[in-house]
Amino acid sequence: MPQAVIIEATGGPEVLRPAEHEPGAPGEGQVRLRQTAIGVNYIDVYHRTGLYPLPGLPAIIGMEGAGVVEAVGPGVSDLAPGDRVAYACPPTGAYASVRLAPAAQMVKLPEAINDEVAASIMLKGMTAQYLLHDTAPVRAGDFVLVHAAAGGVGLLLCQWAKHLGCTVIGTASTEEKAALARAHGCDHPIVTRGGDFAARVKEITGGAGCRVIYDGIGRDSFAGSMESLAMCGRLVSFGQASGPIEPIAPGLLSAKSASLSRPVLFHYTAKRPELLRIAGALFEVIASGAVKVEPPRRYALAEAAQAHADLEGRRTTGSLVLVP
Ligand code: NDP
């Protein structure tokens with residue numbers, strides 16, 4: 001019988017419980033996928049805690065995985081049983097050995113990208129791609145600030161921004177994380193556990209601040225990020241690992257003619273041509289060697305609760321995958 005990790009109530013990591021789960025046959029526009037690796041992302045924490053409400057409970061969380069198509073439903077013509085694919089998309093349901101998923105969101109994998117790497121980069125790497133190229137395009141010579149620079153998205157963002165010619169400043173909570181970020185393109189890692197990085201950013205940028213800031217920390221870093229922006233700079237708030245940001249008045253931006261974005265990957269990849277463009281650019285930058293992917297930290301699917309505890313406890317670097 002296929003296995004899954006099911007939540008019956010929102011709460012701490014302990015609500016993640018292994019259980020048997022048979023998803024059935026694929027419906028219209030769906031594939032049935034035998035998953036070989038499942039990505040763990042901070043959005044899974046938001047779903048588990050209830051910060052992002054799920055359509056109902058019990059539920060299977062998770063939005064990223066890789067595996068082999070077992071069967072296709074009516075209306076699916078461009079995929080066949082045996083195809084090796086990966087995805088990062090709604091609806092949730094990835095924490096399972098077998099799942100049903102929307103065929104239009106599946107991306108065929110190049111030979112060179114193995115399943116565990118695929119499950120560790122689809123959501124985080126496509127995010128790095130659209131943040132740097134679409135939400136707030138960076139230019140060579142820009143100072144950019146990447147928060148949680150040693151995290152899953154952070155390590156990819158740092159390398160990619162560096163490849164595009166930016167000077168990359170990053171935050172990380174320990175010396176070890178800072179060293180890892182430095183080894184992945186972060187020119188100026190700042191060790192901090194809270195919001196006290198703005199003075200150092202000012203120093204590094206000669207007082208000018210950063211033209212673009214990618215902030216996935218949220219509550220604890222927001223004020224420092226605003227302070228670290230250059231005149232006419234762009235703050236991209238794309239997550240809230242430390243908790244949601246308090247409401248702000250638009251007038252706050254006028255002090256620097258600043259822009260504030262709050263983008264979501266799934267809006268950028270909703271249309272298939274855009275999904276293929278963004279995934280294609282990711283595969284290309286990895287194939288070129290400009291962005292290197294560290295082997296993800298592995299957990300058995302049944303150990304999902306431990307993976308969440310480690311991610312929330314700031315004990316991880318890079319990406320995490322669950323292996324069924
Ligand atoms: P990470 O691997 O980056 O883990 C989160 C990191 O945030 C931690 O390792 C920690 O790094 C830092 N952090 C700072 N304060 C806290 C806190 N109070 N509690 C926990 N962690 C904290 O996770 P992901 O790569 O999965 O995601 C990074 C961010 O990107 C998240 O906010 C996520 O929601 C967002 N995201 C948004 C997307 C979008 O399209 N909008 C898509 C993908 C991700 P340190 O200890 O070094 O400070």
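Values below: every heavy atom of this structure, side chains too, minus hydrogens, waters and symmetry copies. Note that ligands are numbered from 1 as they come in the structure, with each ligand's atoms numbered from 1 the same way.
- Separation of atoms OH (Tyr95) and CZ (Arg17) is listed at 16.0 Å; rounding is to 0.5 Å.
- Ligand 1 has no nitrogen or oxygen under 3.5 angstrom from a nitrogen or oxygen of Thr192.
- If you take CD on Glu116 and OG on Ser319, they are separated by 11.5 Å, rounding to the nearest 0.5 Å.
- Crowding of Arg298 atom CZ: a count of heavy atoms from other residues, nucleotides or ligands under 6.0 Å not exceeding 12.
- From Arg277, atom CZ reaches atom NE2 of His133 across 9.0 Å, with rounding to the nearest 0.5 Å.
- Between Tyr130 and ligand 1, at least one pair of N/O atoms sits closer than 3.5 Å.
- Counting heavy atoms only, Ser173 comes closest to atom 46 (O) of ligand 1 of the residues Gly151, Ala88, Ala149, Ser173.
- Polar contact with ligand 1: present for Gly216 (N/O pair, distance under 3.5 Å).
- Interface of Val264 with ligand 1, defined as ligand atoms under 4.0 Å from a residue heavy atom, comprises 40 (O), 41 (N).
- Of the possible donor and acceptor atoms, none in the side chain of Lys256 sits under 3.5 Å from a partner among the backbone N and O of Leu253.
- Closest to atom 44 (C) of ligand 1 among all protein heavy atoms lies Val153 CG2, 3.8 Å.
- Hydrophobic side-chain contacts under 4.5 Å tie Val68 to no other Ile, Leu, Val, Met, Phe, Trp or Tyr residue.
- Within 6.0 Å of atom CD in Glu274, more than 12 heavy atoms from other residues, nucleotides or ligands are found, so the atom counts as buried in its surroundings.
- Considering backbone and side-chain atoms together, Lys124 places no N or O closer than 3.5 Å to any N or O of ligand 1.
- Protein heavy atom closest to atom 17 (C) of ligand 1, with residue, atom name and distance, is Ala241 O, 3.6 Å.
- Lys202 NZ: 12 or fewer foreign heavy atoms inside a 6.0 Å radius.
- Interface atoms of ligand 1 facing Gly239, defined by a heavy-atom separation under 4.0 Å, are 32 (O), 34 (O).
- When each atom of ligand 1 is checked for a heavy atom of Leu123 under 4.0 Å away, the hits are 42 (C), 43 (C).
- For ligand 1, the atoms lying closer than 4.0 Å to a non-hydrogen atom of Glu312 are 19 (N), 20 (C).
- Under 4.0 Å from ligand 1, the heavy atoms of Ile217 that appear belong solely to its side chain.
- With a 4.0 Å cut-off on non-hydrogen atoms, Thr127 touches ligand 1 through its side chain and not its backbone.
- Ligand 1 has no nitrogen or oxygen under 3.5 angstrom from a nitrogen or oxygen of Gly154.
- Here the side chain of Tyr214 pairs a donor or acceptor atom with the backbone of Leu131 at under 3.5 angstrom.
- Ligand 1 has a nitrogen or oxygen under 3.5 angstrom from a nitrogen or oxygen of Leu265.
- A salt bridge between Glu22 and Arg32 is present, with a side-chain N of the basic residue lying under 4.0 Å from a carboxylate O of the acidic one.
- Under 4.0 Å from ligand 1, not a single heavy atom of Arg193 appears.
- In this structure, NE2 on His308 lies 12.5 Å from CD on Glu303, to the nearest 0.5 angstrom.
- Looking at Thr174 against ligand 1, nothing comes within 4.0 Å, counting heavy atoms.
- Only side-chain heavy atoms of Leu311 come within less than 4.0 Å of ligand 1; its backbone N, CA, C and O stay farther off.
- Within ligand 1, the atoms closer than 4.0 Å to a non-hydrogen atom of Gly152 are 1 (P), 2 (O), 3 (O), 25 (O), numbered from 1 in the order shown.
- For ligand 1, the atoms closer than 4.0 angstrom to any heavy atom of Gln240 are 32 (O).
- The protein heavy-atom contact nearest to atom 11 (O) of ligand 1 is Lys177 NZ, 3.6 Å.
- Less than 4.0 angstrom separates some heavy atom of Ala172 from each of these atoms of ligand 1: 47 (O).
- Residue Tyr46 has at least one nitrogen or oxygen atom sitting less than 3.5 Å from a nitrogen or oxygen atom of ligand 1, judged on distance alone.
- Of the protein's non-hydrogen atoms, Arg314 NE, 3.7 Å is the one closest to atom 13 (N) of ligand 1.
- At a 4.0 Å heavy-atom cut-off, ligand 1 does not touch Ala150 at all.
- Taken from CD1 in Ile169 to OG1 in Thr205, the straight-line distance is 5.5 Å, to the nearest 0.5 Å.
- With atom 30 (O) of ligand 1 as the reference point, the heavy atom nearest to it among Phe238, Tyr42, Phe266 is part of Phe238.
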TODO: Kindly indicate, with the supporting measurements, whether the criterion salt bridge (Lys or Arg N to Asp or Glu O under 4.0 Å) is fulfilled by Arg48 and Glu14.
DONE: CA-CA 10 Å; Arg48 194 208 70 222; Glu14 70 284 351; over 6 Å; no
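- To the nearest 0.5 angstrom, Thr49 atom OG1 is 9.0 Å from Ile7 atom CD1.
- Comparing Ala128, Ala148, Ser221 against atom 6 (C) of ligand 1, the shortest heavy-atom distance belongs to Ala148.
- The aromatic rings of Tyr52 and Tyr46 lie tilted to each other, with the angle between the two planes from 30° to 60°.
- Look at Arg262 and you'll find a heavy atom under 4.0 Å from some atom of ligand 1.
- Of the possible donor and acceptor atoms, one in the side chain of Ser242 sits under 3.5 Å from a partner among the backbone N and O of Arg219.
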